[in-house]
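Have a look at the structure below before the remarks.
Note that this is a predicted model, so its numbers are computed, not measured.
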Amino acid sequence: MADRTFPALKILRIALSILAVPLLAWVVFANWDKFAVIADTPVTTFFWIAVVTFVSLVANSLRLKIAAALFGARLTPIEAFSVGSSNAFFNIVTPMKGGIAVKGMYLHEVHEMSWPGYAGSLLFTQLLASTLSMTLALIVLAAFDVVPVGVIAAAGILLAAVAWLAWRKRGWLETRLLRSQYLDGATDRLANIARERPALLLFAAAHAVFLLCITTRLFLVFSVFVPDVEFWQVLLIQSVLTGALFVSLTPGNIGVQEGLVAVAGTFLAIEPASAVLASLSERAFVLLTVLPIGGLCSISVMRRIRDAARP
């Protein structure tokens with residue numbers, strides 16, 4: 001089954017990547033006049049976008065430090081920041097989240113973390129972050145009466161049932177749907193980690209700060225194109241994005257993220273074109289901040305990987 005699943009996923013990724021760029025280009029050129037509002041935006045807005053982006057990198061490095069420690073790798077704060085920023089850099093400049101491979105090589109070569117251990121840390125990070133993000137999305141839906149409470153309760157029960165079933169069948173998932181040579185025993189390690197509550201709470205706090213930062217950044221950009229947008233609307237959009245896009249379907253999820261933002265914007269009575277332009281503009285601001293910081297950090301990270309790999 002795995003032999004058929006991964007080629008199909010690769011074909012889907014290639015198809016989406018080919019379709020995404022011309023579709024986004026058409027949206028941009030069809031609404032080019034709307035970019036004029038950027039010229040009237042106060043400089044302080046761009047300053048705060050850069051600030052919250054940098055803080056999000058710090059929060060992300062704390063998430064990485066906690067997850068790595070749970071699997072036996074003790075990273076210093078500066079080391080965690082360098083690896084996390086390098087991970088973000090390579091996720092942008094390489095297809096299909098190449099930063100994951102670079103981060104894995106660093107932890108494996110420099111800190112001697114096993115590949116199953118690294119796979120377990122990835123599962124831990126993605127599962128917990130996605131669960132926290134989607135839970136927050138359900139809370140926002142309920143708090144602002146976006147959909148009936150009964151629908152939210154049903155969705156919560158369904159998500160809980162799927163999570164419980166996936167956990168009960170984790171051995172089958174490892175051997176049938178995932179690359180078992182990398183994930184052998186990883187989910188069993190997660191069962192032990194589930195008992196380490198202080199670390200889980202600290203990770204949840206770091207993820208909350210991370211989510212708050214990227215939500216604030218998206219809100220600042222959204223407010224340029226949609227002046228009457230409310231923070232809770234952007235929080236809902238960002239929570240769904242963070243919870244759903246743990247798998248990269250295109251390089252940087254270009255097109256996929258914008259499509260989800262457009263759908264969510266329509267659901268919240270936000271014009272889809274303005275939502276797409278806001279998402280693309282936020283992506284541009286992220287590039288301006290992450291690329292130079294991540295690029296510099298990547299030099300140090302790749303050097304340490306190379307030095308550690310030498311006989």
Side-chain angles (χ1 to χ4, degrees), residues 12-13 16-17 19-20 23-24 27 49 52-53 55-57 59-60 63 84 87-88 91-92 95-97 99-100 122 125-144 146-147 152 155-156 159 162 203-204 206-226 229-287 289-290:
L12 174 63
R13 285 173 166 173
L16 288 175
S17 299
L19 291 173
L23 283 175
L24 289 178
V27 172
I49 289 174
V52 295
T53 300
V55 177
S56 72
L57 289 175
N60 184 55
R63 295 194 309 171
N87 175 52
N91 281 346
I92 293 173
M96 313 315 171
K97 288 198 172 183
I100 291 178
L122 284 180
T125 303
Q126 298 293 355
L127 289 175
L128 187 53
S130 295
T131 300
L132 291 171
S133 299
M134 296 307 292
T135 300
L136 179 60
L138 292 177
I139 293 173
V140 173
L141 286 172
F144 291 91
V146 180
V147 295
I152 298 174
L159 287 174
V162 171
F203 181 91
H207 181 69
V209 174
F210 174 77
L211 188 57
L212 177 62
C213 287
I214 61 177
T215 299
T216 301
R217 181 180 64 207
L218 186 59
F219 172 74
L220 290 171
V221 178
F222 250 93
S223 62
V224 173
F225 295 93
V226 188
V229 70
E230 297 187 46
F231 187 83
W232 72 265
Q233 294 176 312
V234 181
L235 178 60
L236 177 59
I237 293 173
Q238 188 64 73
S239 297
V240 173
L241 287 177
T242 306
L245 296 182
F246 57 88
V247 175
S248 183
L249 296 177
T250 61
N253 270 320
I254 183 74
V256 179
Q257 173 178 313
E258 283 69 26
L260 285 176
V261 170
V263 171
T266 302
F267 185 69
L268 297 171
I270 298 174
E271 184 186 10
S274 296
V276 171
L277 294 180
S279 179
L280 286 172
S281 298
E282 188 233 6
R283 188 186 291 275
F285 291 131
V286 170
L287 292 178
T289 306
V290 173

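- Between Gln238 and Ile214, the closest side-chain pair of non-hydrogen atoms falls below 4.5 Å.
- Counting heavy atoms from C-beta outward, Val261 and Phe222 have side chains that approach closer than 4.5 Å.
- If you take CG on Leu136 and NE2 on His207, they are separated by 8.0 Å, rounding to the nearest 0.5 Å.
- With hydrogens and angles ignored, the 3.5 Å screen pairs no side-chain donor or acceptor of Ser279 with any backbone N or O of Ala275.
- Put simply, the side chain of Ser133 never gets that close to the backbone of Ser130: no donor and acceptor are under 3.5 Å apart.
- Residues Val226 and Ser274 approach most closely at CG2-CB, 3.8 Å, considering heavy atoms.
- When every heavy atom of Ser281 is checked against every heavy atom of Val221, the shortest pair comes out as CB-CG1, 3.8 Å.
- Remark: Arg217 is not positioned above the aromatic ring of Phe285, lacking an NZ or CZ atom under 6.0 angstrom from the ring centre and at most 45 degrees off the axis.
- Checking side-chain atoms of Thr242 against main-chain N and O of Ser239 turns up no donor-acceptor pair under 3.5 Å.
- Thr131 approaches Thr135 most closely through the heavy-atom pair O-OG1, 2.7 Å.
- Taking all atoms of both residues into account, the shortest heavy-atom contact from Thr215 to Leu211 is OG1-O, 2.6 Å.
- For the atom pair CZ of Phe231 and CG of Leu218, the computed distance is 9.5 Å after rounding to the nearest 0.5 Å.
- Tested against Leu236, the residues Leu138, Val140, Ile139 include a single side-chain contact (heavy atoms from CB on, under 4.5 Å) partner, Val140.
- Rounded to the nearest 0.5 angstrom, Phe225 CZ and Ile270 CD1 are separated by 13.0 Å.
- Contact annotation: the side chain of Leu235 never approaches that of Phe219 to less than 4.5 Å [non-hydrogen atoms, C-beta and beyond].
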